[in-house]
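Notes follow the structure.
We name chains A, B, ... by the order of the sequence lines, and we start the count at 1 in each one.
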Amino acid sequence: MMITAQRSLDDIFNTFLENKKIFRNKESLTERYTPETIPHRDNEIHQLATIFAPSLRLEKPSNVLVFGKTGTGKTLSVNHVLTFMSQKAALQGIPVSIVYVNCKMKKVADTEYRLIAEFARQFGVSVPPTGLPTDEVYNLFYESVDSKKQVIVLILDEIDHLISRAGDDILYNLTRINSSLKNALVSFVGISNDLRFTEHLDARIKSGLGEEEIIFSPYNALQLRDILKERALQSFYEGVIEDGVLAKCAAYAAREHGDARRALDLLRVAGELSEREASPKILELHIDLADEKVEKDRLYEAVIRQPKQSQLVTYAIMAYYEEQDTPAFTGDIYSIYKGLCESLGIKPLTQRRISDLITELDMLGIINAKVISHGRYGRKREITLSLPPNTFSKLQLLLKNELES
DNA sequence: GTCAATTCACATGAAAGAGACCACGGTCTAGTG
DNA sequence: CTAGACCGTGGTCTCTTTCATGTGAATTGACGA
């Protein structure tokens, strides 16, 4: 990167043109891409298919909960099975509809109202983004769906997110939808990243929603390598990948928790890096660089996208560590934060709120916060920055600009 | 020395408020024939 | 007479504040050996 910055523009474009390209089709390394086959998921796919088969006879399939860490192919497999099934149903003239909703999408489906509204919308009813009572939206949904006998499968991706934001009443209402419908049959697929997600649920909901449960275990390094091999075939030209690169990439991703998405990300970024360097091949070195870059970009991105108050807190934490080596506690951070607010002319939030913001930053991986009891000296959160040291100053500058604007 | 009570400095929960957004229905106004 | 502008009401949603309760080990102080 540093090298390219010093070369003249002409040079850069020339080398880019002259160089043999590395990517054949970058698309197949991105998240949007749906592969034809899903390696190492035969069992799960088989289970899913068995569960949903009854819908082809217009019987209500069981509700399913699908668990697994990110990048283990949950969404992919579910979509794969259900699209296949709906195509088959369409051929035979069987009324089966599949609706997919990602509950994590902000402003789309992260509250009860929006979720039902989104369902209704997918069935062709126009629902205003706000303003209606929630049961009104339920009624609109019922009307749109109940006109004829049909099977409907609602996929709720990242359902744990919905629950944590909006409580589990939603699920209770959802599981009772069938009793309000005369013709249509509705069943649910809940997809969750959190394995312990059902622990906090009401028992009735748990049994209602989780009639069947499927667990997607993480990929191991070997399986990841298979996946990478397959995708690499489509996305890169032949011979541009040095031996051992895929294995290393797989090993890096397996080190986290067998996240295929991350593995593909790494490979893509490594490809981009080597292309930029005008290297004819992707080398193992590029995987290392990519690993660093992916992590760094994620951090920057996360910090920049925070609302102003969270950024202020982050800034306060960095300011603290500029002065001190001892670990920071909530009280320390709060007083720095208050000082910052004063100098910027912003009304400071209460400590209660800051405490929550710190928890959020921790979950995003921007900082580490651990509750430690210091006995007589209280129970505090020990806050440390989880930044590689070389990113510190850059991030600080970035934040400063952001805050001043 | 041992043990339970105390204590600190917050963490964590619950509830409710503020302010933004929006739909709907009713009322008012200006323009039209 | 009617289309459009303009309220008022009631709804959701996010971010906060307020009030209340919980927490875990260092410290304290009573107790007995």
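- Nucleic acid contact class of A:Gln309 (heavy atoms, under 4.0 Å, all strands): sugar-phosphate only.
- For A:Arg376, counting side-chain heavy atoms from C-beta on, the closest listed nucleotide (C:dT27, C:dT23, C:dT17) is C:dT27.
- For the pair A:Asp135 CG and C:dT12 C1', the computed distance is 12 Å after rounding to whole Å.
- Here C:dA26 presents its C1' atom at 11 Å from NE2 of A:His374, a figure rounded to the nearest Å.
- Nucleotide B:dA18 holds its P atom 17 Å from the CZ atom of A:Arg353, rounded to whole Å.
- An OP1 or OP2 oxygen of B:dA11 is reached within less than 4.0 angstrom by no side-chain nitrogen or oxygen of A:Arg379.
- In this structure, A:Tyr138 places its OH atom 12 Å from P of C:dT12, rounding to the nearest Å.
- Defined by atom type and a distance below 3.5 Å, a donor-acceptor pair is missing between the side-chain atoms of A:Tyr100 and A:Gln122.
- Contact between the side-chain N/O atoms of A:Ser373 and the OP1/OP2 oxygens of C:dT23 is not found at any separation under 4.0 Å.
- At whole-Å resolution of the value, CZ in A:Phe329 and P in B:dC8 are 17 Å apart.
- Between A:Thr70 and A:Arg262, the side chains place no donor N or O within less than 3.5 Å of an acceptor N or O (distance only, hydrogens not considered).
- Checking A:Glu242, A:Lys248, A:Glu275, A:Glu277 one by one against A:His286, the side chain to side chain donor-acceptor pair (under 3.5 Å) holds for a single residue, A:Glu277.
- Taking the ring axis of A:Tyr219 as reference, the NZ or CZ atom of A:Arg225 does not stay both within 45° of it and closer than 6.0 Å to the ring centre.
- At C:dT27, one or more side-chain N or O atoms of A:Tyr377 fall inside 4.0 Å of OP1 or OP2 (strictly under the cut-off).
- Counting any heavy atom pair closer than 4.0 Å across all strands shown, A:Asp332 reaches no nucleic acid atom.
- Between A:Thr330 and B:dC10 there is no side-chain N or O to OP1 or OP2 distance below 4.0 Å.
- Using a 4.0 Å cut-off, no side-chain N or O of A:Thr350 falls inside it from OP1 or OP2 of C:dT16.
- The interatomic distance linking A:Lys370 (NZ) with C:dT23 (C1') rounds to 17 Å, in whole Å.
- Across the protein-nucleic acid pair, A:Arg114 atom CZ and B:dA23 atom P stand 14 Å apart, rounded to whole Å.
- A donor atom on one side chain and an acceptor atom on the other are found under 3.5 Å apart for A:Thr37 and A:Glu230.
- Looking at heavy-atom distances under 4.0 Å, A:Thr134 makes contact with sugar-phosphate atoms alone, never a base.
- Here C:dT21 presents its P atom at 15 Å from CZ of A:Arg352, a figure rounded to the nearest Å.
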